[in-house]
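First the structure, in the form of structure tokens, and then the observations on it.
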Amino acid sequence: MKTTAFHLVTRKETPQDAEIISHQLMIRTGMIRKLGAGLYTWAPLGLRVLQKVEQIIRDEMNASGALEMLMPAVQPKELWQETGRIEDFGGQLLAIKDRAERDYFFGPTHEEVITDFVRNEINSYKQLPINFYQIQTKFRDEIRPRFGVMRSREFIMKDAYSFHLTQESLEQTYQTMQQAYTNIINRIGLDFRCVLADSGAIGGSGSQEFHVIADSGEDAIMYSDSGDYAANLEKCEAVSLLHERQAPTAALNKVSTPGQKTIEDLCKFLAIDSSQTIKTLLVAGTEKPVALVVRGDHSLNEVKAANLAAVASPLRMIDDEEIKALTGCDAGSIGVKGLDTTIIVDRTVANMSDFVCGGNENDFHYTGVNWERDANFDAIEDLRDAMVGDPSPDGVGTLQVARGIEVGHIFQLGNKYSKAMNAVVLNEQGKSKAMEMGCYGMGVSRMVAAAIEQHHDDKGIIWPANIAPFSVAILPMNYQKSERVKQAADELYAKLQARGIEVILDDRKVRPGFMMSDFELLGIPHQVIIGDRSLDENQVEYRNRTDMESMKINRDTIETVLAEKIKA
RNA sequence: CGGGGUAUAGCGCAGCCUGGUAGCGCAACUGCUUUGGGAGCAGUGGGUCGGGAGUUCGAAUCUCUCUACCCCGACCA
């Protein structure tokens with residue numbers, strides 16, 4: 001490709017509304033352009049990268065035995081009524097009507113459609129296991145799209161769905177998918193971790209996420225510094241920090257604490273550490289409000305809380321009026337002593353003794369509070385966020401934290417959908433059985449952004465070799481005037497093309513500095529600079545985008561040198 | 001959806017308070033010079049000032065209203 005025949009429109013200035021580096025660089029290089037909130041056009045340059053990611057995914061999925069197909073993006077509402085998921089997805093579903101006023105959704109995911117397909121196509125256990133996948137545009141009406149294609153409303157996803165007679169078979173395919181995902185992200189060339197995850201609106205028993213490690217990641221990943229344990233913070237088990245409960249040593253004491261509302265204020269006022277206090281949080285329950293209690297220096301894990309049977313999902317803190325009605329005090333003074341509602345405490349809290357809590361009366365707290373003697377709870381649960389320095393839940397090592405971008409998520413769904421939609425097969429005994437199901441998602445467009453987040457410097461993108469839009473850039477100095485430079489550049493261009501190497505030659509009439517800055521921004525891995533100066537010595541200059549060290553290479557050997565570097 | 005903000009040329013912004021012929025930088029186009037680190041000079045094109053309504057002799061500017069977009073919180077590939 002020659003630049004004058006390509007669509008190359010770069011910008012020197014960083015766009016005003018782009019917050020994270022991948023978004024900025026994708027706009028500056030002209031890979032994408034915004035059409036509306038969370039809606040992006042992929043320009044030819046961006047599409048080249050997107051298609052490389054897509055092809056790597058396709059290769060590995062095919063190698064794993066999965067079968068590619070393509071389902072409609074538009075789905076009849078009736079399918080979603082069968083599984084009752086309209087509520088789960090809420091406002092994220094984009095609803096549309098056809099000319100006859102029939103209701104449809106633009107698909108945010110395809111469990112319903114594939115299950116409908118499979119219940120009609122698959123009747124016998126002999127046809128199982130089977131794993132279908134597609135690479136397709138999805139739409140989710142995100143409350144707040146941001147970060148360019150990282151969290152857009154319309155995006156490209158690879159989604160796969162496997163069907164099985166038994167749980168064992170499901171687990172086998174799940175493992176295969178885990179391996180395929182590992183292969184995919186390795187081939188793309190990104191640093192990632194596979195972590196335990198909450199399964200959210202998709203449902204099912206077990207799930208893991210694949211996170212590309214990057215400081216701008218929206219998720220916190222907890223991992224053991226010396227073991228294999230790794231989990232999304234939302235899911236990460238938090239162990240009790242106290243092995244057993246000590247016997248009370250202090251007497252219960254009601255103290256006046258005028259105006260002390262936050263834990264921080266209270267600790268200063270009483271000259272104690274926040275780990276000696278507890279936080280009592282009142283949330284809406286399925287029947288009555290529930291008190292969730294974590295230690296003063298801990299934070300409530302909202303995903304864990306919402307997953308509790310007694311707690312309403314999604315999680316909602318009750319408002320000031322409801323608090324007043326229940327406790328007689330305001331939010332800053334709630335405590336467990338004499339509190340008349342369901343009380344669920346965190347594991348650590350259950351083992352605390354001689355602690356401090358609110359007095360359920362404004363401007364009063366209790367010190368020296370002890371369980372059983374002074375107050376009781378109804379259940380012990382894992383309620384808090386794990387923290388750096390906690391013991392790893394599997395007993396090996398200590399937890400550390402990293403930021404991650406979720407690019408993949410795999411689930412064991414079990415028979416949630418097959419039961420709801422009556423997707424059954426006959427087993428060996430001729431008996432009808434609901435199929436076991438797995439599903440496996442991967443964000444294709446998000447992967448491109450994640451790659452940039454992980455691979456850039458202050459000059460621009462540094463593409464990993466396997467997804468670079470071009471492998472080699474030929475940068476001729478004074479291509480327009482110097483016949484000798486033009487000849488040398490055109491010759492190398494033709495030779496590389498003949499070898500099937502993806503090469504871009506910059507034949508624009510621009511000054512050298514402009515050209516070099518442009519290609520640093522674009523991040524093409526291998527760059528060859530051809531100028532009269534080096535041609536005098538029958539040489540050209542080679543530069544690698546990663547280290548930017550330049551070296552002179554004989555003009556006659558540059559072609560084979562490049563071919564070897566690209567193969568390596 | 002709640003809170004905050006913005007909307008003027010392709011991009012980044014000024015002008016608005018105090019109403020009077022729409023401006024700057026970058027980008028684009030033409031010419032000349034320059035050619036190994038985002039060049040210089042001269043010139044050119046491009047805007048119903050987000051939409052609608054109102055006040056006024058006169059509205060980018062004042063008032064009302066709608067819309068879009070961005071940021072902060074709850075969701076997810």
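No hydrogens, no waters, no symmetry mates; every other heavy atom, side chains included, goes into these values. Proteins come first, then strands; the chains are lettered A, B, ... in the order of their sequence lines, and each starts at number 1.
Ion pair A:R484/A:D536 flagged as a salt bridge, since at least one NZ, NE, NH1 or NH2 atom sits closer than 4.0 Å to an Asp/Glu carboxylate oxygen. Salt-bridge check for A:D330 with A:K324: passed, with a basic side-chain N closer than 4.0 Å to an acidic carboxylate O. Under 4.0 Å is where a charged nitrogen must lie from a carboxylate oxygen, and between A:E209 and A:K235 no such pair does.
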Is there a salt bridge (Lys or Arg N to Asp or Glu O under 4.0 Å) between A:D507 and A:K2? Walk through the geometry before answering.
CA-CA 6 Å; A:D507 59 341; A:K2 293 191 178 181; 5.2 Å; no
Please walk me through it: do A:Q134 and A:D159 pass side chain to side chain contact (heavy atoms under 4.5 Å, CB included)?
CA-CA 6 Å; A:Q134 62 175 346; A:D159 46 328; 3.0 Å; yes
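Of the two residues near RNA chain B, A:M515 and A:M442, the one whose nearest nucleotide lies more 5' is A:M515. Nearest-nucleotide positions on RNA chain B place A:T14 closer to the 5' end than the other of A:E406 and A:T14.
Between A:F117 and A:Y161, the ring centre distance reaches or exceeds 6.0 Å.
A:R144 comes within 4.0 angstrom of a nucleotide base, judged by non-hydrogen atoms across all strands. Note on A:Q92: only backbone sugar-phosphate atoms sit closer than 4.0 angstrom, heavy atoms only; bases stay farther off. Among the protein residues, A:M317 comes within range of no part of the nucleic acid, since none of its heavy atoms lies under 4.0 Å from any strand. Across all strands shown, A:D219 has heavy atoms under 4.0 Å from base atoms, whether or not it also approaches the sugar-phosphate. Nucleic acid contact class of A:R33 (heavy atoms, under 4.0 Å, all strands): none. Residue A:I529 is classed as a base contact, given a heavy-atom separation below 4.0 Å to a base.
Across all strands shown, the partner of B:C29 is B:G43, judged by Watson-Crick or G-U wobble contacts whose two distances both fall under 3.5 Å. Here B:C17 sits opposite no nucleotide as a Watson-Crick or G-U wobble pair (both hydrogen-bonding atom distances under 3.5 Å). Nucleotide B:G37 forms no Watson-Crick or G-U wobble pair with any nucleotide shown, as no partner meets the under 3.5 Å limit on both distances. Across all strands shown, B:G58 has no partner, as no Watson-Crick or G-U wobble contact with both distances under 3.5 Å is found. Pairing partner, B:G73: B:C1, with both Watson-Crick or wobble hydrogen-bond distances short of 3.5 Å. Within the shown strands, B:G52 is the pairing partner of B:C64 under the Watson-Crick or G-U definition, both distances less than 3.5 Å.
Residues A:E112 and A:T83 have side chains that bring a donor and an acceptor to within less than 3.5 angstrom of each other. Side chain to side chain, A:D532 and A:S482 meet the donor-acceptor criterion of an N or O pair below 3.5 Å.
Comparing B:A77, B:G73, B:G38 against the side chain of A:D518 picks out B:G38 as the nearest. Here B:A77 is the nucleotide among B:C76, B:G73, B:A77 with the atom lying nearest to any side-chain atom of A:S152. Residue A:M157 has its side chain nearest to B:A77 when only B:A74, B:C70, B:A77 are considered. Considering only side-chain atoms of A:E142, the nucleotide from B:G36, B:G10, B:C75 that sits closest is B:C75. Nearest to the side-chain atoms of A:R146 among the listed nucleotides B:C72, B:G36, B:A77 stands B:C72.
As rounded to the nearest Å, B:G54 and B:C11 have P atoms that lie 31 Å from one another. Look at the P atom in both B:U44 and B:G5: the space between them is 42 Å, to the nearest Å.
Between the P atom of B:C75 and the CD atom of A:E209 lies a distance of 13 Å, rounded to the nearest Å.
Look at A:Q16 and you won't find any side-chain N or O under 4.0 angstrom from OP1 or OP2 of B:C70. For B:C70, one of the phosphate oxygens OP1 or OP2 lies less than 4.0 angstrom from a side-chain nitrogen or oxygen of A:K34.
Donor-acceptor pairing under 3.5 Å, judged by distance alone, is present between the side chain of A:R151 and the base of B:C76. With hydrogens and angles left out, the side chain of A:R446 and the base of B:C76 share a donor-acceptor pair within 3.5 Å. Side-chain N/O atoms of A:S534 and base N/O atoms of B:G36 include a donor-acceptor pair closer than 3.5 Å. Contact annotation: side chain of A:E520 to base of B:G37, donor-acceptor pair present below 3.5 Å.
In this pair, A:Y181 and A:F210 present their aromatic rings tilted. The plane angle is within the 30 to 60° band.
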Short heteroatom pairs, N/O only, protein and nucleotides 25-35 of chain B, under 3.5 Å:
unit_1, atom_1, unit_2, atom_2, d
B:U34, O2, A:R511, NH1, 2.5
B:U35, O4, A:K481, NZ, 3.2

